[in-house]
Amino acid sequence: MPDPIVDRNRHMNEVTDALAPIQDGFRAENCFLFGPSGVGKTTVAKAAVRELRREVLDVPYAYVNCWKYYTRNAVLDQISHELVGAAMPRSASTSRLIDRIKADLHGPGVVILDEVDQLRETKVLYDLHDIPGLSWIGIANREVDLLADLDDRITSRISVAYRVRFDTYGEDAITEILSRRAREGLGPNAVDEDVLRRIARLSEGDARQAIAGLRVAARMASREGLAAIPGRLVEDAVADAEREVRQKTISKLNTHQRALYEVLAEEDGLIQKELYARYQEAHDDPVTLRYLRENHLPKLEHYNLIDIEQDRGSKRYHLVGPEGSQTNPSPC
DNA sequence: CGTCCACGGGAATTGATGGACT
DNA sequence: AGTCCATCAATTCCCGTGGACG
């Protein structure tokens, strides 16, 4: 993790400003970071908190990924664990968790809510607001998603003083990011500036993807016994990196999601009803359509494994990704 | 219109688990 | 130790809404 974050000074300053009141012992301003993936939102949020903790020792903080912990209870549970570390019996009631956090928190504290737009129960934002001293940094892809979901009662009580927009990284910035990584991880001359630039260009502003590409390229080169990364590996490396990420995602799917995925692998472009019918045959313990719609389908979409095309009254589901993807028959 | 499709709110059910009560 | 109660997450059931289409 590089210390000065490439090209994010302005963003860093805004978040730092939002947190500034903590240095005087007050509650910080809530702030909200949004922008596409791989542009450094999470990195900036964490760095800002780290910097704050350097100034004001022991400011309690917690990091919660709302994609993973999406219920009110799960979020609060996670916070109570991280904020003070004290273990609480699992499955404590929400109100007890809140009391617990209130009791443990003396003075200001910060919570980073990553992927806030994935929260199912936005009420939790209100809960947090109700805890003296606590403030949050919300992270999401698009601003509208969060605001649309909050109901009025909540919106009117919670103020978000800072909204920080992250734009896509340009090629230069990505190249610079890669260059630092390469220098620190691979030595001073392992990679040509030119090669880095090509990796950057292929990863469309997504730093995470670019870094993965660099890693794969380095691995390929060292496997060939080379000290530097030759340009000819770039295309393959980036494609491989994408495939790797994808494969990893697929391996994490549960049986329902996998069944859906496999149905689509056989027959692409089904509408919801058809997809559900096929899924029911493919899975020996199928869940309801309602539930699929609420959970598994959005999940697959979020993982960027499927693509949904609006086709008049219905929706067509497609697999996303490199054509000619080999179906990997290895059972896990 | 009537129908098909999809969406999503909300109530109800089930099962696990921890705590209180006896 | 045994019983009962509360809470939570996961899941299902029921259903009104709304767009598109013939």
Side-chain angles (χ1 to χ4, degrees), chain A residues 62 64-104 111 113 115-128 130-131 140-142 144-155 252-261 263-264 267-303 305-320:
Chain A
V64 181
N65 187 316
C66 302
W67 170 248
K68 189 160 182 197
Y69 304 100
Y70 50 80
T71 58
R72 192 154 93 112
N73 197 261
V75 170
L76 291 169
D77 189 50
Q78 192 66 8
I79 291 173
S80 95
H81 273 279
E82 292 202 16
L83 218 49
V84 252
M88 185 100 174
R90 1 236 157 267
S91 89
S93 83
T94 353
S95 59
R96 235 177 298 180
L97 285 169
I98 293 174
D99 289 345
R100 177 55 186 271
I101 297 171
K102 279 182 181 168
D104 283 337
V111 176
L113 298 170
E115 310 204 55
V116 246
D117 50 339
Q118 298 302 322
L119 225 41
R120 299 283 178 77
E121 298 166 318
T122 43
K123 203 185 301 174
V124 72
L125 293 178
Y126 174 75
D127 294 332
L128 297 185
D130 240 18
I131 297 173
N141 288 142
R142 284 174 305 167
V144 280
D145 286 345
L146 179 67
L147 300 179
D149 238 36
L150 291 175
D151 63 43
D152 300 336
R153 283 167 306 176
I154 294 177
T155 321
K252 279 189 285 195
L253 299 180
N254 64 30
T255 59
H256 302 283
Q257 295 156 355
R258 189 171 305 246
L260 287 166
Y261 186 86
V263 165
L264 283 178
E267 198 174 352
D268 202 68
L270 297 171
I271 67 172
Q272 193 179 94
K273 220 179 69 171
E274 295 164 344
L275 173 59
Y276 182 64
R278 303 277 199 290
Y279 153 80
Q280 275 183 306
E281 291 164 19
H283 197 282
D284 51 348
D285 191 17
V287 297
T288 13
L289 211 210
R290 176 75 183 85
Y291 194 64
L292 220 59
R293 217 165 35 214
E294 179 82 8
N295 290 273
H296 303 316
L297 289 174
K299 209 153 275 190
L300 287 175
E301 189 187 5
H302 185 85
Y303 288 149
L305 290 175
I306 63 173
D307 197 23
I308 301 173
E309 168 208 1
Q310 188 68 37
D311 178 26
R312 289 175 276 213
S314 29
K315 283 191 162 173
R316 300 205 169 272
Y317 291 78
H318 302 278
L319 286 191
V320 164

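Remember, it's a predicted structure, so these values are computed and weren't measured experimentally. In the text below, chain A, chain B and the rest are named by the order of the sequence lines, each starting its count at 1.
- Put simply, CG on D311(A) is 17 Å from P on dC4(B), counting in whole angstrom units.
- In this structure, the side chain of D77(A) does not engage the main chain of L97(A) through any donor-acceptor pair within 3.5 Å.
- Among the protein residues, L289(A) comes within range of no part of the nucleic acid, since none of its heavy atoms lies under 4.0 Å from any strand.
- In this structure, I271(A) places its CD1 atom 16 Å from P of dA20(C), rounding to the nearest Å.
- Spacing between atom CZ of R96(A) and atom P of dG19(B) amounts to 7 Å, rounded to whole angstrom units.
- For dG8(B), the OP1/OP2 oxygens have no side-chain nitrogen or oxygen of R290(A) closer than 4.0 Å.
- Proximity of Q310(A) to the phosphate of dC5(B): no side-chain N or O atom is located under 4.0 Å from OP1 or OP2.
- Taking atom CZ of residue R293(A) and atom P of nucleotide dC7(B), one finds them 6 Å apart after rounding to whole Å.
- For the pair T288(A) and dT12(C), the criterion of a side-chain N or O lying under 4.0 Å from OP1 or OP2 is met.
- Here dA20(C) presents its P atom at 16 Å from CZ of R316(A), a figure rounded to the nearest Å.
- Distance check: L119(A) CG to W67(A) CH2 gives 12.0 Å after rounding to the nearest 0.5 Å.
- Ring centroids of Y291(A) and H256(A) are separated by 6.0 Å or more, keeping the two rings apart.
- Between Y291(A) and dT13(B), a side-chain N or O to OP1/OP2 separation shorter than 4.0 Å is absent.
- H296(A) places its NE2 atom 10 Å from the C1' atom of dA10(C), with the value rounded to the nearest Å.
- Between T71(A) and dA9(C), a side-chain N or O to OP1/OP2 separation shorter than 4.0 Å is present.
- P298(A) comes within 4.0 angstrom of no nucleic acid atom, judged by non-hydrogen atoms across all strands.
- For N73(A) and dA9(C), the shortest distance from a side-chain N or O to OP1 or OP2 is below 4.0 Å.
- A donor-acceptor pair under 3.5 Å is formed between the side chain of Q310(A) and the backbone N or O of R312(A).
- The side chain of K315(A) contributes no N or O atom lying less than 4.0 Å from OP1 or OP2 of dA6(B).
- Rounded to an integer number of Å, the gap from CG of N295(A) to C1' of dT11(C) is 9 Å.
- Relative to the side chain of R312(A), the nucleotides dT11(C), dA6(B), dA20(C) differ in distance, and dA20(C) lies closest.
- Whole-Å rounding puts the D285(A) CG to dA10(C) P distance at 16 Å.
- With rounding to the nearest 0.5 Å, the separation of CG in L305(A) from CG in L319(A) is 8.0 Å.
- When distances run from any side-chain atom of Y70(A) to the nucleotides dG19(B), dA6(B), dA10(C), the shortest one goes to dA10(C).
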